[in-house]
Amino acid sequence: MNEPILEMRGVSKSFFGIKALCAVDLTVYAGEIHALMGENGAGKSTLMKILSGAYRPDPGGEIRIEGKPVRIEGPLGGRAAGISIIYQELSLAPNLSVAENIYLGREMSRSGLLARGAMREGVGPILQRLGADFLPSTLVAHLSMGQRQLVEIARALHVRSKILIMDEPTTALSAGESERLFTLIRQLRAEGLAIIYISHRMDEVYALGDRVTVLRDGRLVGSLDKQDIRADAIVRMMVGRDVSSFYKKDHDPGAGKGHPVLTASDMSDGRRVKGCSLTVHAGEVVGLAGLIGAGRTELAHLIVGAAPKISGRLELEGQPIDIRTPGEALAAGIAYLTEDRKALGLFLDMSCLDNINLAVLGRDAKLGWFLDRDKARERADRAFAGLSIRAANVSVPAGGLSGGNQQKVLLSRLLAIAPKVLILDEPTRGVDVGAKSEIYSIIDNLAKAGTAILVISSDLPEIIGICDRVLVMRSGHIAGEVRRTETAPLTQEDIMALATGTEHLDA
Amino acid sequence: MPDNGSTQANAATANSPAVAEATKRQRIRLMIRAAGMLPVLLLLCIGFHYMSEGRFFTGQNLGIVLQQAAVNTVLAAGMTFVILTGGIDLSVGSILAASAMAGLTMSKLSELSALWLPVAVLTGLGFGVVNGALIALLRLPPFIVTLGSLTAVRGLARLLGADTTVFNPSIPYAFIGNGSLTLIPGVASIPWLSVIALLVILASWLVLRRTVLGVHIYAVGGNESAARLAGIKVWAVLIFVYGVSGLLAGLGGAMQAARLYAANGLQLGQSYELDAITAVILGGTSFVGGIGSIWGTLVGALIIAVLSNGLILTGVSDIWQYVIKGLVIIGAVALDRYRLQGSART
C-alpha cells in the first residue's frame, strides 16, 4: 500500500492527571474510509480535538501528515494541516448564506469590501460536484440538516482538506439523507480523500468502513480490515465483554390489549402537523417513525403542550384533558423526553441531583417551599443505582457526563413523576452501545409495568427492536401503521415504504 | 468536554492512586472556586492597612466600611437574583430614588408617617413587578425594559418631590439609617444598615439554596427552554426575580432616606445600578445566568466598599479613585476567568 496520509504514534493526552488518551496509534491512508469506534468516553473526541488543534497532545507522541512530522496548534492548525472536522453539532452560522459560511474566516474582498458575488461564484463548482440542490445565496437557516451537512463538506473541500473527519454525521439525518450522504462519502473516497468516520452505528460501519479502529478507555484496542469487520467482534472490542447483540423484542400477543391510556385525535399545529390521531395502550410500546421533517417531534410537542395547537383533542385514560403547557402535561402524568437533551433537556451546570429531582421538587417540598434535601438525595442515589448512571457522585454537574449517562439522568427526571404516558424522542441519540441496551431494557421494564410508551426514532433497527407496533408519519400526516404479528416481524422495508410514500396500493 | 468527564468518572470507579491524587486536586480546585474573590478582598484590606499606616483595621473604620457597603449589598442581592436568570436590572438606582421620595413624602403626613417604610419598600416592589411583567409576559428583552424604566422611574422620582429635595428631620425609624446595634456594650456594635444588609443576604441564600423557587431560578438561567419544557413556570420566576430586585431597591431607598433624613429625586441613587452589577460580577456570578452565589455577591460588594474607603484613607484623589476602581474591577474579573479556566462550563 502507498504511504499513509496520516500517522499518529504514541499520542497521549491527560487532563488533571487522568489519561484521556494513552499512547494511541492511528494510521490512515488516502482513499480509505476509516471508521473510528468506541463507547462515549473512549477518547474519540479527544483524539479528534488533537487533530483539530483544540487540544495540544502530551509531549512524547508524534503526528505525521504525508510522512512529515507536524505540530497542530490553535483552532486553525488542523485546517492548515489539511484536516477538516465535521462535528455532530454542525458549526454553521444559520444567519449567513451558504457561500458566506463556506468562506467564513477567509472572506474574499475587493478593495476592503466584501465580494459577495465572487464568493457565490467561487462555491458554485463545489456545490455542483456535491450534487447540492440549493443555491450559494440561500440562508443556512432555511436548509435541512442533510443540506447543512453538505455545506460543511463543501467547506472542507473548499479549503482543499485531504483528511475529513466526520463525527456521527447521520445522527440528525433521515434514512434517505443518510443514504445520499453515504454515496457522497464513497465519491469523496474515490477522489482520494481520507475519511475518518466516527459512528456508534454498526450498519453504517458495515456499509462504509474500509478499516475499523476501536478505542476503549483512551487506549487503542485494535484495528480490523474490511474482511474482518463483524458486529460481534467490534462490540466485543468496544465494551471489552460480550454483548448479547442487539435488543430484539418478541411478538407479544398481549400488547395493545391494555386499556387505552393516551388518545390524541386530529392534532394540528397549522404548519408541520396536519390532523394526526393516535392511541397508546397501557403496557404498549408504539413507535413513531418517519423521515426527518415528517412532523414527529412537532406532534409530540403538541401532545405535551410545548407548542400551540390549532386543533386536536386529548383523552387520558378515557377522560378528556386540556393540556396547554409542559407543566400541565407532567402534572397529568405525560412525560416527554426531548430529542435535544443539551438544548432542551438538561441543565448542564446543575448537579445530577438537581436535574433528576427537578420535576418533583414542588411535590416533595416541605411547607410547600423548602427543599427536602434528604428525599432528593435518596431519589438521586436510587436513580444512579437503578439506571446504573456512571459519575463520580450525584453532585457533579450533568454537563460533565457522557451522552449515555446524561440521557439516563434526564430519563430519571421523567421517571420520578411515575408517568402514565412516556414519550421518548430519539432516546438513544449520541448514546454508546452499552447505555443503549440499558435504555432498551428500561423501556421494556416500564412497558411491562403498564406504562404507555411512544418512541420517536430515526434508527429503524431500534424501532423494530423495541416496539410492538409502528406508526409512520409522512409530511405531517400519519401515513400508516405497521404491526408485529406472530408470523411476520416488523421490517424496515414496510416502514420506509410508508415513510417515503412508495407503499403498494394494496398494502 | 463530555469525553474527559466520563473518563474521569470511569476512572474514579477504578480507584487507582493516580485517580485519588486527581480527585484531591479537583477538590482543592473546587475549594478555590468556592472561595472566589475572598482572597482578593483580604489582600486589599491588608494592603490598605499598611498603606494608610494602620488606619484601616480600626473598629471605627470597619464600621464605616460596613455602613457604606450596606445599600449596595442590598441592591446587589436583588441584582444577583436577576442575573442568575440571565437578565439584568438597570433600573434599581431610579427605583431606589422613587421609593425614597415616596417614603419621605409619606413620612410628612403626620398621622400616617409611620407607614413611610412599608410604602417605600412596596413602591420598589411595584416597579419591579412591572419590569418583570413586561419581560415575562410581553417577552421584551430585560436590558431594554429596565433601560426604559431607568429613565421613566427617574422622572417619576423627580415628579414625586416636585423636583426638589424633600427633608424630614423627624422621620420615624431614623435609627436604621444612623444607629447601631450594640453587641457588647461599649466594645462592639454594628450599624443597623449593615444588619439589614446581612439579613437580606441570609434571606437570599435561603431562597436561592433551600427552596424550590431557588432551583427554578438557577434552572431558568441555565437553560430557559429546558426549564419551560420541564414544566417550570418561567414567567412566574421572572416576575419574582424582578419583583425582588425592585423590592430590595425600595428597601435600599428606605435605608438611604433614613440615613440622610432627605431625598432628591434627581440625585439620589445615580448610577447605583452599576455598582450593584459590579458587585455581582465580582462575586463570580455568570453574566449569562445559571451560575453564581449570594456569598460571592457579598464579597463583591465589600470589595467595592473597601476600595472606596481605602483609596480615601491613602489620600488618592477623587479622580484617580475612578480610574483605579475601574482597573481593579477588570483585573479581578480577568483573574477570576484565568483561575476558572478548564473548570468552567465547556
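Protein chains get the first letters and strands the later ones, always in sequence-line order, with residue 1 at the start of each.
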Please verify the inter-ring angle class for B:Trp295 with B:Trp205; under 30° counts as parallel, over 60° as perpendicular, anything in between as tilted. tilted
Testing A:Ile198, A:Leu26, A:Val24 one by one against A:Leu215 for a side chain to side chain contact (heavy atoms under 4.5 Å, CB included), which residue passes? A:Val24
Can you tell which of B:Ala227, B:Ala219, B:Ser225, B:Gly231 has the highest number of heavy-atom pairs within less than 4.5 Å of chain A? B:Ala219
Given A:Asp354, A:Val304, A:Leu358, the one with more heavy-atom pairs under 4.5 angstrom with chain B than any other is A:Leu358
What do the steps show when you test A:Asp364 against A:Arg379 for salt bridge (Lys or Arg N to Asp or Glu O under 4.0 Å), and what is the final call? CA-CA 11 Å; A:Asp364 284 356; A:Arg379 189 187 301 283; 2.8 Å; yes
Under 4.5 Å from any heavy atom of chain B - which part of A:Leu348: neither
Given the options A:Gly327, A:Ala343, A:Ala365, which has more heavy-atom pairs under 4.5 Å with chain B than any of the others? A:Ala343
Please classify the contact between A:Leu414 and chain B as side chain, backbone, both or neither, with a heavy-atom cut-off of under 4.5 Å. neither
Yes or no on ring pair (Phe, Tyr, Trp, His ring centres under 6.0 Å) for B:Phe240 and B:His216, after CA distance, side-chain angles and deciding distance? CA-CA 11 Å; B:Phe240 175 82; B:His216 286 184; over 10 Å; no
Within 6.0 Å of CZ in A:Arg56, more than 12 heavy atoms from elsewhere: no
